[in-house]
Protein chains: 2
Amino acid sequence: MGKELNAIPDIIISRLPVYYQHLKNLQSSSKEYVSSEELADLTGFSSSLIRKDLSYFGTFGRKSYGYDIYCLFQQINIIMGFNYKKKLIIIGAGHLGQALAYNKGYNERGYQLISIFDKNPKLIDLVINDIEIQSVSNLERFLENNKVDVAALTVPGAAAQKITDRLVAAGIKAIWDFTEVPLKVPEDIFLEEQLINEGLCKLSLKMNQKRLNQDGTTEDLSCGQK
Amino acid sequence: MGKELNAIPDIIISRLPVYYQHLKNLQSSSKEYVSSEELADLTGFSSSLIRKDLSYFGTFGRKSYGYDIYCLFQQINIIMGFNYKKKLIIIGAGHLGQALAYNKGYNERGYQLISIFDKNPKLIDLVINDIEIQSVSNLERFLENNKVDVAALTVPGAAAQKITDRLVAAGIKAIWDFTEVPLKVPEDIFLEEQLINEGLCKLSLKMNQKRLNQDGTTEDLSCGQK
DNA sequence: TAGATTGTTAATCGATTAACAATC
DNA sequence: TAGATTGTTAATCGATTAACAATC
């Protein structure tokens, strides 16, 4: 894709959803200001890092007070583009696809879910959270008539690449991928892998590390071949 | 928690699930070996970084051949502790909780889902993917009689801290959290936040950045206050 | 005023890359 | 042998932290 001139460093991008979440939760507190030190407690990032991250985008703080919670939240919303409306469709109305249809996170981030597609005739015409599931054979026609920004992919792995190719051919520019297979897309398509089992992986690894530390053993790994 | 002596750097941990996923997918190819260069193509990490990451754990490669796919996959499984059996419960049988009940990723990672809890009487006794939903009032009794390693938390945000406190009191050491509220847990508890909407956040930000770059505008952010 | 806390600089720390000897 | 590719070193690059002047 070629980095843009003013591209936000990935490492900062990865912390923005965390700031967003905590500031959103702080809205419902009675506090007006939050300090970088308090945000450090909440997020686990150092206060110094938080101040530096925020200063990348502008000057939001007030010396000796901290950051106006409401105001900073609004700014983060603008930085993340949540004030722009985006249309979303879900491809694959299995259990995960259906659960995503009930996800409450869209509106606050500027997304609107407008349709769900599946190929299973038993699911077609079923209404999930006020959205009717339609046949994936309608996909191209639907995309011609509706400006869709993001497609969530919750189809079985075996179908993922074919559907992706169709989405790309129909002009979709961003894919939110829940399948666990590697997808090939042109360079100008935004592809976000949502590794649903990532947390389970990390927990397993951490529990394993703890076990190894307690046992005092050091696993000697090698492939046994020269 | 205090870092362990031989703690694997977080940045390497974060790439392990990606290696795992691609090596798993490579199992079903006809290839026997994969080079760091090929893995670089698949993952987007540089080949140099991949060789360095893997060398952190041992010597797995074979000069001029690359890495034995099956063997390396097995090693990654061992590193992540997937060869150890872990028991999992789900708290909250809403749409997301139910979708997690159908998740196919447990077994290959050494997890076994053994129960689902909810407080809604309409859901109790319902069978989801062969697992019976039981009343959350049974939680403590159940945990006394069953060694549970990880609890997945898919309850509404408002109930999250209370349930967490009960889980911790009952001896749970690892929580896979899907709620979007900050949870307080003792230092010795592993807590993994699974930010389900993270991908949507990043896509929104990237689309917004692209728009800004095309417009040539630079948003001037500031809180309007001195 | 005294205390608090930002925004920013310079110093430090750690992660990534480039390069290449070793060797299959 | 010539070509391929690892494992590892040293160099580079970038991210984080510590510190503090500015100031509310």
Side-chain angles (χ1 to χ4, degrees), chain A residues 3-16 18-19 23 26 31-69 71-73 75-76 79 220-226, chain B residues 3-16 18-19 23 26 31-69 71-73 75-76 79 220-226:
Chain A
K3 293 273 178 225
E4 300 298 336
L5 252 74
N6 294 319
I8 306 169
D10 276 352
I11 194 82
I12 297 186
I13 292 182
S14 73
R15 286 188 291 260
L16 284 174
V18 181
Y19 296 136
L23 287 165
L26 283 167
K31 289 157 55 68
E32 195 180 344
Y33 286 89
V34 66
S35 71
S36 58
E37 202 58 62
E38 289 167 309
L39 281 172
D41 278 350
L42 286 169
T43 61
F45 312 143
S46 77
S47 63
S48 190
L49 181 61
I50 292 169
R51 291 199 301 279
K52 193 139 216 283
D53 277 355
L54 296 179
S55 76
Y56 181 88
F57 299 102
T59 304
F60 305 131
R62 197 173 157 194
K63 285 194 175 69
S64 102
Y65 286 81
Y67 299 89
D68 180 306
I69 292 170
C71 167
L72 183 57
F73 182 60
Q75 295 302 328
I76 300 257
I79 293 164
D220 184 32
L221 301 173
S222 88
C223 277
Q225 54 187 329
K226 270 306 310 183
Chain B
K3 293 275 176 225
E4 300 298 338
L5 254 73
N6 295 319
I8 307 169
D10 277 351
I11 193 82
I12 296 184
I13 292 181
S14 72
R15 285 188 291 261
L16 285 174
V18 181
Y19 296 135
L23 287 164
L26 283 167
K31 289 158 56 68
E32 194 179 346
Y33 286 88
V34 66
S35 71
S36 59
E37 202 58 62
E38 288 167 311
L39 282 173
D41 278 349
L42 287 169
T43 61
F45 312 144
S46 78
S47 62
S48 191
L49 181 60
I50 292 169
R51 292 199 300 280
K52 193 141 218 278
D53 277 355
L54 296 178
S55 76
Y56 182 89
F57 300 102
T59 303
F60 305 131
R62 198 173 157 192
K63 286 191 177 68
S64 102
Y65 287 81
Y67 299 89
D68 181 305
I69 293 169
C71 167
L72 183 56
F73 181 61
Q75 296 302 328
I76 299 258
I79 292 164
D220 185 30
L221 300 174
S222 89
C223 278
Q225 56 187 328
K226 273 301 314 180

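Each chain gets a letter, A, B and so on, in the order its sequence line appears, and its residues count up from 1. These numbers were taken from a predicted model, which means no experiment stands behind them.
Residues satisfying the side chain to side chain donor-acceptor pair (under 3.5 Å) test with Thr43(A), not counting sequence neighbours, are none.
Pairing each heavy atom of Tyr56(A) with each of Ile8(A), the nearest pair is OH-CA, 3.6 Å. Considering every non-hydrogen atom in both Ile79(B) and Leu16(B), the closest pair reads CG2-CD1, 4.0 Å. Residues Ala40(A) and Ser46(A) come closest through the heavy atom pair CB-C, 4.0 Å.
Following rounding to the nearest Å, Asp53(A) (CG) and dG14(D) (C1') show an atom-to-atom distance of 14 Å. Distance, Ile12(A) CD1 to dT16(D) C1': 11 Å, rounded to whole Å. Across the protein-nucleic acid pair, Leu49(B) atom CG and dA19(C) atom C1' stand 16 Å apart, rounded to whole Å. Following rounding to the nearest Å, Ile11(B) (CD1) and dT17(C) (P) show an atom-to-atom distance of 11 Å.
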With sugar-phosphate taken as primed atoms, P, OP1 and OP2 and all else as base, the protein-contact string of nucleotides 3-10 of chain C at under 4.0 Å (heavy atoms; B, S, -) is BBBBBBB-

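Residue Ser46(B) places at least one side-chain N or O under 4.0 Å from the OP1 or OP2 atom of dT17(C).
Within the structure, salt bridge (Lys or Arg N to Asp or Glu O under 4.0 Å) contacts touching residues 36-45 of chain B (residues at least two apart or in different chains) are Lys31(B)-Glu38(B).
Side-chain contact between Ile50(B) and Tyr19(B): present, with at least one pair of heavy atoms (C-beta onward) separated by less than 4.5 Å. Contact of the Phe60(B) side chain with the Cys71(B) side chain is not registered, since no non-hydrogen atoms from C-beta on lie closer than 4.5 Å.
Heavy-atom neighbours of Phe45(A) CZ from other residues, nucleotides or ligands within 6.0 Å: above the threshold of 12.
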For DNA chain D, what dot-bracket results from Watson-Crick or G-U pairs at under 3.5 Å, with [ ] for crossers and | for inter-strand partners? ..||||||||||||||||||||||

